[in-house]
Amino acid sequence: MTEHLVPLRWSDLDSLRHVNNVKYAVIAEEVQARLVAEGRLPAERTVTSVEVTYRAPMHLSTRPVVVTSAVDGDVLVQDLAMDDADGTRHEHARVETRFGEREPVEPSAPDVALRTSYRLREVDGGRDGTLGVAALLELAQENRIAFIHRSGIDTVGSVVVVSMALELHDDLPATAGEVTTATWIGHVGTSSYTVLSELVHDGRVVLRCRAALVGFDLEAERSRRLDDEVRTRLLALTAG
């Protein structure tokens, strides 16, 4: 088990003045690069899945993020925390990354899914010219926000993401140009729902993403029930 420190930036914040969901993956990737430099993680590795579980909102601070990493076979578990002024450590998120061989899958989005096209930026690519985990999560986030707006269930500011999971099935070159995503609702509860998406390029599934969102009271900073109107619209976008 190792521990690394990563400073925060103003650009890491979202509209709620919390650290943006994708930035947790950026911090995790930063530490992974350090682990490779230290010989603790192989340079040649293929990510097959990533799951980010958010435990508590992280706010901008002059104190760095403390990242504790543990490698167990093909799994890397990273806990992101911050220490307050008296040294008390507060856990904010866990990033679990799995390595191995990617398996191709067939597109499986249901008819109810909303389809959106995006044009990639070539600067989105990493050293090998393909999008890394953080860039793919950012693309999934853009897609989820667009889906919420287009579907008439605009809950931005009244829900928070509690987890995001990526399954990676193929590389996505930054020069791919236009890609297509299909997005739909997987489950609707009394206070939460899941958004599922599938990104396809050249007929191949590049990734599948699952995001779990929970109704959130911004002033009280705690969960709340979803409005009946929102639940009705969400249920209309579920498969089957």
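Note that the structure is predicted; figures quoted are calculated from it, not measured.
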What side-chain donor-acceptor pairs closer than 3.5 Å can you find for residues 1-8, not counting sequence neighbours?
unit_1	atom_1	unit_2	atom_2	d
Glu3	OE1	Arg89	NH1	3.1
His4	NE2	Glu38	OE1	3.3
His4	NE2	Glu38	OE2	2.9

Practice task
Just grab all the salt bridge (Lys or Arg N to Asp or Glu O under 4.0 Å) pairs involving residues 125-139, residues at least two apart or on different chains.
Solution key: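 Residue pairs with at least one partner in residues 125-139: there are none.
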Quick one: list whatever passes side-chain hydrogen bond (donor to acceptor under 3.5 Å, both in side chains) with [X], sequence neighbours left out.
{"X": "Thr175", "value": "none"}
{"X": "Asp86", "value": "Thr88"}
{"X": "His169", "value": "Glu167"}
{"X": "Asp227", "value": "none"}

Handout entry: Member of Asp79, Thr53, Thr68 meeting the side chain to side chain donor-acceptor pair (under 3.5 Å) criterion with Arg94
Key =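 Output: one option passes, namely Asp79.
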Handout entry: Worked check of side-chain hydrogen bond (donor to acceptor under 3.5 Å, both in side chains) between Glu198 and Ser108
Key = CA-CA 8 Å; Glu198 185 176 77; Ser108 62; 3.2 Å; yes
Practice task
For Arg204, check salt bridge (charged side-chain N to carboxylate O under 4.0 Å, His left out) against everything at least two apart and list the hits.
Solution key: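 With sequence neighbours excluded, Arg204 shows a salt bridge (charged side-chain N to carboxylate O under 4.0 Å, His left out) to Asp170, given in chain and number order.
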Problem - With Arg98 via salt bridge (charged side-chain N to carboxylate O under 4.0 Å, His left out) - residues at least two apart - result: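 So Arg98 forms a salt bridge (charged side-chain N to carboxylate O under 4.0 Å, His left out) with Glu96.
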Practice task
With sequence neighbours excluded, give me every ring-ring contact (aromatic ring centres under 6.0 Å, His included) pair touching residues 22-48.
Solution key: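 Counting only pairs at least two positions apart or across chains, the ring-ring contact (aromatic ring centres under 6.0 Å, His included) contacts touching residues 22-48 are Tyr24-Tyr54.
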Practice task
Just jot down the side chain to side chain contact (heavy atoms under 4.5 Å, CB included) partners of Arg144, sequence neighbours excluded, or say none.
Solution key: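 Counting only residues at least two positions away or on another chain, Arg144 forms a side chain to side chain contact (heavy atoms under 4.5 Å, CB included) with Asn21, Gln141, Ile148, Val161, Met164, Val195, Ala211, Leu213.
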Problem - side chain to side chain contact (heavy atoms under 4.5 Å, CB included) against Val47, all qualifying residues, sequence neighbours excluded - result: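 By the side chain to side chain contact (heavy atoms under 4.5 Å, CB included) rule, Val47 matches Val50, Thr97, Phe99, Arg102, Val133, Leu168.
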Practice task
Verify the distance criterion only: is there a donor paired with an acceptor across the side chains of Ser163 and Arg210 at less than 3.5 Å?
Solution key: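 Arg210 and Ser163 do not have a side-chain donor-acceptor pair below 3.5 Å.
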Distance-only donor-acceptor hits, side chain of residues 114-123, under 3.5 Å, sequence neighbours excluded:
unit_1	atom_1	unit_2	atom_2	d
Arg115	NH1	Ala113	O	3.3
Thr116	OG1	Arg150	NH1	2.7
Tyr118	OH	Asn143	N	3.4

Practice task
Using atom types as modelled and distance alone, determine if a side-chain donor or acceptor of Arg63 lies under 3.5 Å from a backbone N or O of Asp83.
Solution key: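 At least one qualifying donor-acceptor pair exists.
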Problem - Side-chain donor/acceptor of Thr238 to backbone N/O of Leu235, under 3.5 Å - result: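 Pair found, side chain donor or acceptor close to backbone of Leu235.
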Handout entry: Shortest non-hydrogen separation from Ser69 to Val31 and the atoms involved
Key =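 Minimum heavy-atom separation between Ser69 and Val31: OG-CG1, 3.6 Å.
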